[in-house]
Amino acid sequence: MTETEQPEQSPASFRLVYVPGVTPTKWLRVWEERLPDTPVELLQSAPADGHALLLSGGADAGLVRLPVDRTVLSAIPLYTETTVVVFPKDHWLAAAEEVTAADLAEEVVFRPQDDTLDWPELPGRPAFERPATTGDAIELVAANVGVLAVPQSLARLHHRRDLTYRTLVDVPQSQVALAWPEDATTDLVEEFIGIVRGRTANSSRGRTAAAEEQRRPSSTKKSKAQPQQRTGQGGSGKPKPTPGRRTGGGRTAQPKRGGSGGGRKK
């Protein structure tokens, strides 16, 4: 490498952390269409670790579950998930279309340590110990030891043929949000905010779009203005015909002589 040659710089990447149950695929597809030269680095983490990764600067933004610390993180709520109860297929709850908290009064209900539901009071009977993760709790449910209340996406994520679930009504629900450090709102973060909010490619998409708009040369007003007619030499307007001049290749117009009758003198 000569002194004048510069090493090639790798393109900037956008680091996105997401927690289990959240699927960022539809937003990443739009990102690839609009910013094909900016790769996305996906980071999967446990629910609590996602917040910590954002605060430490390890990720630019995250698809996490609320609540988050709003004093240091900005957040846009995206959607609220249905809460379901997971149980073995041969469980008596399988006969119900939906389940209430009162229906679980005699059931052992697991609450794993990574649970994100804000329970004022957990329904049913408490388990002997709290499983470390939702996956561990699913294994205990499959062993017919108890049941588990989770957001629906987690029930689908840990799907097993021997388990099923029903909607659990009148209980807390989990909200998914886009979050990022409040003091680190970068151009790429603004771009992703625009994507999750459904902004079109031609609409305002944050700082980067605004900067591009400022750099773009403004269209000339002359192209939009109506052409002005000009008279005189060199102008585009046509002079009006005057007596004595030929018009359109016809005969020369001559002024009339005599009185109003226009006849010959005798």
Side-chain angles (χ1 to χ4, degrees), residues 17-24 42-56 58-59 62-73 75 77-96 98-179:
V17 62
Y18 68 103
V19 296
V22 178
T23 306
L42 282 177
L43 308 169
Q44 188 174 24
S45 73
D49 295 341
H51 301 169
L53 198 61
L54 290 172
L55 293 175
S56 67
L63 297 169
V64 298
R65 296 186 184 276
L66 296 178
V68 298
D69 187 353
R70 294 298 186 97
T71 62
V72 290
L73 292 178
L78 301 178
Y79 57 90
T80 301
E81 282 202 67
T82 299
T83 302
V84 301
V85 57
V86 183
F87 47 81
K89 280 188 173 180
D90 58 357
H91 197 281
W92 68 272
L93 289 172
E98 61 181 26
V99 179
T100 66
D103 294 331
L104 304 179
E106 300 301 321
E107 301 293 330
V108 173
V109 180
F110 294 111
R111 187 183 186 186
Q113 296 179 24
D114 61 358
D115 180 37
T116 58
L117 295 173
D118 186 16
W119 295 100
E121 183 179 359
L122 193 68
R125 296 185 297 153
F128 178 73
E129 62 180 356
R130 294 183 65 181
T133 66
T134 299
D136 293 336
I138 288 289
E139 294 296 329
L140 293 173
V141 172
N144 208 14
V145 179
V147 299
L148 173 66
V150 290
Q152 187 174 11
S153 65
L154 291 180
R156 291 173 175 172
L157 179 65
H158 297 282
H159 170 72
R160 290 176 52 127
R161 293 184 178 180
D162 54 347
L163 299 180
T164 188
Y165 61 84
R166 295 290 184 273
T167 300
L168 188 58
V169 298
D170 300 327
V171 295
Q173 295 177 312
S174 176
Q175 273 191 306
V176 174
L178 172 63

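For clarity, every value in this text was computed on a predicted model and none was experimentally measured.
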Can you tell me how far apart [atom1] ([X]) and [atom2] ([Y]) are? Round to the nearest 0.5 Å.
X: Leu78; Y: Gln175; atom1: CG; atom2: CD; answer: 9.5 Å
X: Arg111; Y: Thr134; atom1: CZ; atom2: OG1; answer: 11.5 Å
X: His91; Y: Asn144; atom1: NE2; atom2: CG; answer: 6.5 Å
X: Glu129; Y: Gln113; atom1: CD; atom2: CD; answer: 9.0 Å
X: Leu66; Y: Leu73; atom1: CG; atom2: CG; answer: 10.5 Å
X: Leu163; Y: Asp90; atom1: CG; atom2: CG; answer: 9.5 Å

Counting N and O atoms only, with roles assigned by atom type, does the side chain of [X] sit under 3.5 Å from a partner on the main chain of [Y], one being a donor and the other an acceptor?
X: Thr167; Y: Glu98; result: no
X: Lys89; Y: Ala94; result: no
X: Arg166; Y: Val85; result: no

Any luck finding a side-chain donor-acceptor pair between Thr133 and Asp114 under 3.5 Å?
no

Looking only at the side chains, is there a donor atom on one of Thr80 and Gln173 sitting less than 3.5 Å from an acceptor on the other?
no

Side chain to side chain contact (heavy atoms under 4.5 Å, CB included), paired with Ser174, selected from Val150, Thr83, Leu117:
Leu117

Pick one: which of Val147, Leu104, Val99 meets side chain to side chain contact (heavy atoms under 4.5 Å, CB included) with Pro123?
Leu104

Closest non-hydrogen atom pair, [X] against [Y]:
X: Leu54; Y: Ala179; value: CD1-O, 3.8 Å
X: Val171; Y: Leu168; value: CG2-O, 3.3 Å
X: Ala46; Y: Val19; value: O-CG1, 4.1 Å
X: Thr116; Y: Pro151; value: OG1-CG, 4.4 Å
X: Arg65; Y: His51; value: O-NE2, 3.3 Å
X: Ala155; Y: Val86; value: CB-CG2, 3.9 Å

Heavy-atom side-chain contact between [X] and [Y] under 4.5 Å:
X: Leu154; Y: Pro20; answer: yes
X: Tyr165; Y: His158; answer: no
X: Val176; Y: Glu81; answer: yes
X: Val141; Y: Pro88; answer: yes
X: Val145; Y: Phe110; answer: yes
X: Val17; Y: Asp49; answer: no
X: Leu148; Y: Pro112; answer: yes

Count the heavy atoms of every other residue, nucleotide or ligand shown that sit under 6.0 Å from [atom1] of [X], and state whether that count exceeds 12.
X: Tyr79; atom1: OH; result: yes
X: Asp136; atom1: CG; result: yes
X: Asp170; atom1: CG; result: no

Run the side-chain contact (heavy atoms from CB on, under 4.5 Å) check on Thr164 and Phe87 step by step: do they pass?
CA-CA 6 Å; Thr164 188; Phe87 47 81; 3.4 Å; yes

